[in-house]
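To keep things clear, I will list the structure first and then write my remarks on it.
The basis for the numbers below is simple: all heavy atoms, side chains too, and nothing from hydrogens, waters or symmetry mates. Residue numbering restarts at 1 for every chain, and letters A, B, ... go by the order of the sequence lines.
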Number of protein chains: 2
Amino acid sequence: MPATIRDVARASGVHISTVSRAFSAPHLVNPETRSRVLACAERLGYRPNRAARALITGRTHNVGLIVADIANPFFPPLIKAAESQARHRDYHVFVADTNEDPAAEEELVHALAKQVDGVLLCSPRMSNSLIEQLSREVPLVLINRQVAGLPAVMMDNGQGARSAIDHLLALGHRDLALLGGPRGSWTNREIRRSAVAAARAGGADLTVLGPNPPTESGGSALAEQVHRCGATAVLAYNDLMAIGLIEGLDALGIRVPQDVSVVGIDDIALSRLTRPKLTTVATPAAAAGRTAVDMLLQRDATTRAGRGAGRGGPGDDRRTTAQVMLQTELVIRDSTGPGPAVESHRAAAGGPDRQRTTPTANAVVAP
Amino acid sequence: MPATIRDVARASGVHISTVSRAFSAPHLVNPETRSRVLACAERLGYRPNRAARALITGRTHNVGLIVADIANPFFPPLIKAAESQARHRDYHVFVADTNEDPAAEEELVHALAKQVDGVLLCSPRMSNSLIEQLSREVPLVLINRQVAGLPAVMMDNGQGARSAIDHLLALGHRDLALLGGPRGSWTNREIRRSAVAAARAGGADLTVLGPNPPTESGGSALAEQVHRCGATAVLAYNDLMAIGLIEGLDALGIRVPQDVSVVGIDDIALSRLTRPKLTTVATPAAAAGRTAVDMLLQRDATTRAGRGAGRGGPGDDRRTTAQVMLQTELVIRDSTGPGPAVESHRAAAGGPDRQRTTPTANAVVAP
DNA sequence: CTGAAAGCGCTAACAA
DNA sequence: TTGTTAGCGCTTTCAG
């Protein structure tokens, strides 16, 4: 039986409220009394029960973090950053994994709701309306998802996709493919929209393949299709898929980057370890984790509703609901190379030949 | 303001205790009443506050899981397995990361203690005595660590190291090196002990390098030393170090497996993605996560102390404190090859590249 | 089967 | 500065 506040009170000959104050409002108690209380507490191995404390203060000093898949190397740096940021502020992070299952997201938010002061929802796949509804149950901060009225920190994957496509274009590629990510992913839509726009602006064809599971096997399964569609350069939804694709192409005897160039997104640690080293769009995952925690905790601090506060109707003070956009950056490594040789012709001729209203399907004839 | 049990009671015209029973003891309430209550609850969006419930029942329906480093690919499969196993039993898993800092372990156990029904301590680096002390504060199940009297699930890394060394010996290597892991790691001691014994039994030299950080950079930093010590085959504390070592050797112009053979431990997903594919000792991480949760929950079920129970003195019923040993298995891939003198034997000895033994036969060490 | 009452461990007015 | 008194939201005797 762990010691309770009452045991400490008895042992130090004071009232329990004094013990309580000794811990949570030290300045309100006589230094001598305080040290005596602390000594007794120490001796008895007493530690305040945070759950009981939360019941009355309404503050658990915990935050929840829901991610789709801990095993996806994109998340751990984000998780670690969130944890360390939270710990600096004396908060703990409870990490939960949905296994890429949208239904699990809702369930987890409910389960966490009463045990945390807020939830960081990372790349949620739920509908906007469900997210809004959940946000009335517990403060939410979104990561990589935008919903009107809710705080969010996003990584500029649109910009990332654009620079990746531009890079490929600059290398002379004109037949591009995009490996789409999972259905319901906001990030995926951003990437697709930007990639399509950038390809069109560059006068290139872009075949969109997907949706697909955002995993290595999801990527390798697409090797055939990529080959068949005649693309000489591919942008993948994430590094895992890019790496999988390279594997798959390798199995087909297609070399990267000699035959096909591949670009990923995320810059996970792994992308430096595979051969060829992956060209990819670096995504500020750690910064996102830190920022999200900051936003949640700041919001949390301003949200305190005193005991027995009103019904908290729709007139609520939804103060600074910031939406932060973090920059991404193309990292060029070894998985991208020059496009087919004939391209030099065209490059010399017109440069970025903008505005092809009729995308001439695979007009380029290989030698 | 989320609805409380009182709101539901008022709305459905019953006493709060009836609402309570409708949720936690359905058979004790009239089906009609129950469905009316449930309907009201549904309408009000009421969900029982688990924290408040925990305060009185003493059961939070949460378990904690403390790992050294979420970013180490060894852990995610274990975490996911633990989560899914827990969820089947209506428990949640709170994952925390110590950042390889032993001091953080203690702090986290304390912080979690009151919010969970038990803690899974994964490869803890603390002293035995501290672990024992903490186990009096909250039920503990150890993973990859053995402390007398405490339930534990271990992976037989000793056996794994032995089979790795034997494999190397069989390939004709006589100058071996072991890349040691972090200080304080029980697993590391097991590996070293077995590797040393196996090498000696085979009449080979084994140089132990370490302790080292169990990371990729920890491994690559050792390339020089490995080279200098003249080893032709190396066993690393884990796959990450093995992969790092291969990188480092590559930078030195040393080829794997032609010049040096390398074996890892863990069989993380990454080990199939690097070139050469890593020969490694597969470790049943997922099974360990599942088993640990089972042990904790089973123990938890038997531990219920009724309200106002006695002081729970030293006469406690420490029932089935099992220590389970999970088997490991050598997976031969491409990072190991014949030793210096026996090139010609290869074809003769070769054969298909694997020797997956029987799946996890678990030995139970009695309490 | 349902209600009344007594708390779980703690904090937060309000007095003293 | 300290003690008293109410609870937080819920479960659990014990009556009825």
With distance as the sole test, does B/Glu105 use its side chain to make a donor-acceptor pair with the main-chain N or O of B/Met126 at under 3.5 Å? yes
CD1 (B/Ile70) and CD1 (A/Ile79) are apart, to the nearest 0.5 Å, by 4.5 Å
Atom CG of A/Leu55 and atom C1' of D/dC10 are separated, to the nearest Å, by 8 Å
Here the distance between atom P of D/dG9 and atom CD1 of B/Ile16, to the nearest Å, is 11 Å
Which part of the nucleic acid, if any, lies within contact of B/Val19, taking any heavy atom under 4.0 Å across all strands shown: a base, the sugar-phosphate backbone alone, or nothing? nothing
Review point. Would one find a side-chain N or O of A/Thr33 under 4.0 angstrom from OP1 or OP2 of D/dT2?
Key: yes
B/Arg53 CZ to D/dC8 C1', in whole Å, measures 16 Å
Hey, can you tell me if B/Phe23 and B/Tyr46 have their rings parallel, tilted or perpendicular (30° and 60° cut-offs)?
perpendicular
Point to revise | side-chain N/O A/Ser17 vs C/dT11 OP1/OP2, d < 4.0 Å | key: no
Please state whether the phosphate of D/dC10, meaning OP1 or OP2, lies under 4.0 angstrom from any side-chain nitrogen or oxygen of B/Ser20.
no
Checking A/Thr60 side chain against A/Asp117 main chain: does a donor-acceptor pair fall under 3.5 Å? yes
Among the nucleotides D/dG3, C/dA5, C/dC1, whichever has the atom closest to the side chain of B/His15 is C/dA5
Here the distance between atom P of C/dG7 and atom CG of A/Asn49, to the nearest Å, is 19 Å
Rounded to whole Å, the CZ-P distance (A/Arg21 to D/dG3) equals 8 Å
Here the distance between atom C1' of C/dC10 and atom CZ of A/Phe23, to the nearest Å, is 12 Å
Taking the side chain from B/Gln115 and the backbone from B/Asn62, do they hold a donor-acceptor pair closer than 3.5 Å?
no
One should report the stems of DNA chain C, each a stretch of at least three consecutive Watson-Crick or G-U pairs at distances under 3.5 Å, as C:1-11 with D:6-16, C:13-16 with D:1-4
